[in-house]
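Residues: numbered from 1 along the sequence shown. Keep in mind that this is a model prediction, so the values were computed, not measured.
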Amino acid sequence: MTITQGSIRLQDMRFYAYHGVMEQERRVGGEYLVSLQVETDLSRAALSDAVADTVNYAELYEVVRRVMAEPSQLLEHVAGRIGQCVLEEFPQITALTVSVTKCNPPMGADCKGASVELRIEN
């Protein structure tokens, strides 16, 4: 058996955070969804069944939670900070995709959310 690629996904992590360009958004806050996909070699973990041979997704969640707690104006900045922190803490990750969605954005439109998605390579 040859494993050629592996990824770990955390989908639609829900946070209440204080991001936004308008002062009221940063004061009142709102709901956000964050999804993260990291690419790394999972071949050892697939054979060993040992958490030490993979990227622990509970630890990935903690990185995202910590970054979401720090206000930013732009979703692009939030996504970039998440990517930077993940790569700093998990150097074995070769690439990642992070999306940040602001649920019910205050723009006078009936939409489920406004999202930004970044693909970052290490």
Side-chain angles (χ1 to χ4, degrees):
M1 171 175 82
T2 303
I3 297 172
T4 60
Q5 185 176 0
S7 64
I8 296 170
R9 292 187 187 109
L10 294 174
Q11 298 174 318
D12 294 335
M13 295 174 277
R14 194 172 295 276
F15 298 95
Y16 198 88
Y18 299 87
H19 309 300
V21 173
M22 297 186 304
E23 183 182 333
Q24 182 176 348
E25 292 177 283
R26 291 189 307 275
R27 194 172 349 108
V28 175
E31 255 189 83
Y32 294 81
L33 298 174
V34 178
S35 293
L36 180 67
Q37 177 174 330
V38 300
E39 297 174 21
T40 188
D41 182 1
L42 298 176
S43 57
R44 287 184 61 196
L47 297 173
S48 71
D49 196 29
V51 74
D53 290 335
T54 190
V55 175
N56 183 321
Y57 55 78
E59 293 174 4
L60 281 172
Y61 173 84
E62 272 306 306
V63 171
V64 175
R65 185 198 61 73
R66 195 172 62 239
V67 172
M68 287 299 291
E70 299 173 28
S72 289
Q73 290 188 53
L74 301 177
L75 297 178
E76 293 87 343
H77 190 248
V78 176
R81 288 190 302 117
I82 290 170
Q84 181 179 4
C85 289
V86 166
L87 292 178
E88 285 173 2
E89 294 198 30
F90 303 95
Q92 68 271 40
I93 291 173
T94 57
L96 64 85
T97 302
V98 59
S99 69
V100 180
T101 301
K102 179 183 286 193
C103 303
N104 303 312
M107 60 183 196
D110 183 16
C111 72
K112 193 173 185 177
S115 300
V116 167
E117 181 174 283
L118 300 179
R119 173 159 172 81
I120 303 167
E121 296 185 4
N122 196 7

Note to self: Treating N122 as the side-chain partner and I93 as the backbone partner, does any N or O pair qualify as donor plus acceptor under 3.5 Å?
What the structure shows: yes
Next item on the list: To the nearest 0.5 Å, tell me how far D110 CG sits from N104 CG.
Entry: 9.0 Å
Next item on the list: Run the numbers on S7 and R9 for side chain to side chain contact (heavy atoms under 4.5 Å, CB included), then give the verdict.
Entry: CA-CA 7 Å; S7 64; R9 292 187 187 109; 4.1 Å; yes
Check: Just wondering, are more than 12 heavy atoms of other shown residues or ligands nearer than 6.0 Å to CD in E88?
Finding: yes
Check: Do L36 and M13 come close enough that some side-chain heavy atom pair is under 4.5 Å?
Finding: yes
Notebook entry, point to check: Could you give the distance from CG (L118) to CD (Q84), rounded to the nearest 0.5 Å?
Noted result: 12.0 Å
Check: Are L33 and V67 co-members of a hydrophobic cluster defined by side-chain heavy atoms under 4.5 Å apart?
Finding: no
Notebook entry, point to check: Any chain of hydrophobic side-chain contacts (each under 4.5 Å) joining F15 to Y18?
Noted result: no
Checklist line | Test side chain to side chain contact (heavy atoms under 4.5 Å, CB included) applied to L75 and S115, step by step | finding: CA-CA 7 Å; L75 297 178; S115 300; 6.0 Å; no
Item checked: Beyond-backbone contact of E59 with E89, side-chain heavy atoms, under 4.5 angstrom -> no
Next item on the list: Determine whether Y57 and V100 fall in the same hydrophobic cluster, where Ile, Leu, Val, Met, Phe, Trp and Tyr are linked whenever their side-chain heavy atoms lie under 4.5 Å apart.
Entry: yes
Checklist line | Close side-chain approach of Q73 and R26, heavy atoms under 4.5 Å | finding: yes
Checklist line | Heavy-atom pair of closest approach, residues K102 and G20 | finding: NZ-CA, 3.7 Å
Margin query: Are L74 and V21 packed together at the side-chain level, in the sense that at least one heavy-atom pair is separated by less than 4.5 angstrom?
Written below: yes
Note to self: Quick check for you: to the nearest 0.5 Å, what is the distance between Q11 atom CD and S99 atom OG?
What the structure shows: 9.5 Å
Item checked: Euclidean distance, L60 CG relative to Q37 CD, rounded to 0.5 Å -> 11.5 Å
Check: Parallel, tilted or perpendicular for Y32 and H19, by the 30°/60° rule?
Finding: perpendicular
Under 3.5 Å, sequence neighbours excluded: what are the donor-acceptor pairs made by side chains of residues 39-47?
unit_1 : atom_1 : unit_2 : atom_2 : d
E39    : OE2    : R119   : NH1    : 2.9
T40    : OG1    : Q92    : O      : 3.0
D41    : OD1    : S43    : N      : 2.9
D41    : OD1    : S43    : OG     : 2.6
D41    : OD2    : S43    : OG     : 3.4
R44    : NH2    : D53    : OD1    : 3.2

Checklist line | Under 3.5 Å donor-acceptor, R81 side chain and S72 backbone | finding: no
Notebook entry, point to check: If you group Ile, Leu, Val, Met, Phe, Trp and Tyr by side-chain heavy-atom gaps below 4.5 Å, do V78 and Y61 land in one group?
Noted result: yes
Note to self: For the CZ atom of F90 and the CG atom of N56, what is their distance to the nearest 0.5 Å?
What the structure shows: 7.0 Å
Next item on the list: Side-chain contact test, heavy atoms from C-beta onward, threshold under 4.5 Å: evaluate it for M68 versus I82 and give yes or no.
Entry: yes
